[in-house]
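Structure, as structure tokens:
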2 protein chains.
Amino acid sequence: MSNPNPSADSSNFALGRLRALLDDTASDGEQRLPPERVLAAQIGIGRRALRRALEVLEAEGRIWRHQGKGTFVGSRPDHTPTNLEELSKRTHPLEVMDVRLEIEPALARLAAMRATNGDIERLLRLAEKTASSSDADGRELWDSALHRTIAEAAGNSLLLAIFDMVDRIRQDTTWRLLRERARSGERQQIYVEQHRRVIAAIAQREAHAAEHAMREHLELVREGLLKVMTTPLPDRMDGQISEAPVTANTKKERRHGT
Amino acid sequence: MSNPNPSADSSNFALGRLRALLDDTASDGEQRLPPERVLAAQIGIGRRALRRALEVLEAEGRIWRHQGKGTFVGSRPDHTPTNLEELSKRTHPLEVMDVRLEIEPALARLAAMRATNGDIERLLRLAEKTASSSDADGRELWDSALHRTIAEAAGNSLLLAIFDMVDRIRQDTTWRLLRERARSGERQQIYVEQHRRVIAAIAQREAHAAEHAMREHLELVREGLLKVMTTPLPDRMDGQISEAPVTANTKKERRHGT
DNA sequence: TCCTGAACCAATTTGCAAGTGGTTCAGTGA
DNA sequence: TCACTGAACCACTTGCAAATTGGTTCAGGA
């Protein structure tokens, strides 16, 4: 009679031993299990059998393992990525645009309310230079400076820190080609005009108009990004982008259909 | 004839040499200056005189130095504090509330649009527990969990990361007393009711209602915080202002000008 | 067929050394 | 007396190699 269960004798034996061990360590503060090699020797089985048992326990959520770190009792810690690299990796460009659509209109509104005259002067100068720059890199730089100056003018250091965080992710090299394509052509002129409108509203202290103008601008940017992403290049630029579906899934539970 | 200027001959000589050096390196891409010991030997003066000259240049903003790194030409890079400690230090509680007022209504709206059934179940359970908890710590925990669950349900990992960042700053111990006072008394019951409204709107997929309810809630929280902050406690909670006069003299003799 | 032992790969942590600015101190010379 | 020098030490940063650990593959045995 064939055994459909892949876990066999040694693994089952190890499972029992390990469960008992976990029950013991649960009461203690000990969270770390011995290395696999040591543990296998202690129990008296091979490492492969031990690993099969550990896989079961990990699937049950009673332990978690990480290469180079070790095996630990309990559920895997929540690891909300706080460093930019990881955030960049697992953040979809559209997610970034959604965040910008929430943050930057608010920044524009606050800037209209609280910008100093110096801020407004700087914004006006930036608007001129943005329009006059010809190459893509120049546009990119002026555009970035413009948005950041608005964020500074909003006068909230925490919001500014958030803006910088989002901006750094946005400038990740992964999406550079994407952005260049999204801002090429006649869109650029519309962007310049939209920038003018935002700055004019800020200069005239019209908070609501500034917020609205910024939202309109970002929605067009988002639309351009969307269009570029859905029409793949002749040469593939990256596997990560086309691979991901529309929205990013923080967990696997998130809705699939229905 | 006495020289009132503390910087004397060698330092001034070094200043001239260094300014010339800076003018040269300005054209090049070189940003890093040789180590102080090397530079001092090159110029032919002692390290102390060199450091005095470097202090002048640093004050002028032409160079910047950092222990363990080196001395560099140009202005110090924009160290936007990305770590939480520094952000916490220089962020005012009202700034945090302003940010929450921008972020969390958006999160509630997105949650109403994208929450899974599992999310909604969790929210409903949390609402019950929040109401039933009696002590201040318990309320704090459930409240925090509730807001974070909404942030998770919004389904945008970047927004979630931002929420966590703000939340960690908010939970800084500096404001713990403040928050306890702000949520004491009859306000707590209003908060519970407001939470119910937010969750109900999310459960019924009414995005606009969820956003509005969350904003209303946070505006009340903000108002409570404001009220608490403007009515100082009988016992001072900040030890920083009344600084101990005795201890601090480890470095220099402080001039006690009588 | 399953397990073992061994070997190798990859990620992480740790320890150490070198290099740097920051500081103090005794000595030197005008 | 004053400013400077040289030396020594401290504190911070970086880079690298070794050790540790989980992840994987493979030949061999019961």
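Sequence lines set the chain letters: A, B, ... in the order given, protein chains first and strands last, and positions in each chain run from 1. Only a predicted model underlies this, so the values are computations on that prediction, with no experimental measurement involved.
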Whole-Å distance separating the [atom1] atom of [X] from the [atom2] atom of [N]:
X	N	atom1	atom2	result
A:Glu36	C:dT12	CD	C1'	15 Å
B:Leu50	C:dG21	CG	C1'	11 Å
B:Trp64	C:dG21	CH2	P	11 Å
A:Ile45	C:dG5	CD1	P	10 Å
B:Gln67	C:dT23	CD	C1'	9 Å
A:Arg47	D:dG22	CZ	P	7 Å
A:Leu54	D:dG23	CG	C1'	12 Å
A:Arg52	D:dT24	CZ	P	14 Å

_Mind checking if B:Gly46 touches a base, just sugar-phosphate, or nothing, with heavy atoms under 4.0 Å?_
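The residue B:Gly46 makes sugar-phosphate contact but no base contact.
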_Those residues that, when tested against B:Arg19, pass side chain to side chain contact (heavy atoms under 4.5 Å, CB included) (two or more places apart)_ =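 Result, side chain to side chain contact (heavy atoms under 4.5 Å, CB included) vs B:Arg19: B:Leu15, B:Val56, B:Leu57, B:Glu60, B:Arg62.
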Quick check on [N]: is either OP1 or OP2 less than 4.0 Å from any side-chain nitrogen or oxygen of [X]?
X	N	result
B:His66	D:dT13	yes
B:Arg51	C:dG22	yes
A:Thr71	D:dG22	yes

_Within the structure provided, determine whether B:Phe13 and B:Ile45 are in side-chain contact (heavy-atom separation under 4.5 Å)._
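They are in contact (side-chain heavy atoms under 4.5 Å apart), so the answer is yes.
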*If we only count heavy atoms from C-beta on, is the A:Leu18 to A:Leu39 side-chain gap below 4.5 Å?*
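They are in contact (side-chain heavy atoms under 4.5 Å apart), so the answer is yes.
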*Is there a donor in the side chain of A:Thr71 and an acceptor in the side chain of A:Glu36, or the other way round, less than 3.5 Å apart?*
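No, no side-chain donor-acceptor pair sits under 3.5 Å.
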What about [X]: does its side chain form a donor-acceptor pair under 3.5 Å with the base of [N]?
X	N	value
A:Arg37	D:dG22	yes
B:Arg48	C:dT23	no
A:Arg32	D:dT21	no

*Could you check B:Lys69 against B:Gly44 and say which one's nearest nucleotide on DNA chain D is further toward the 5' end?*
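This one resolves to B:Gly44.
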*Before accepting this row, confirm whether a basic side-chain N of the pair B:Arg100/B:Asp167 lies closer than 4.0 Å to the acidic partner's carboxylate O.*
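No.
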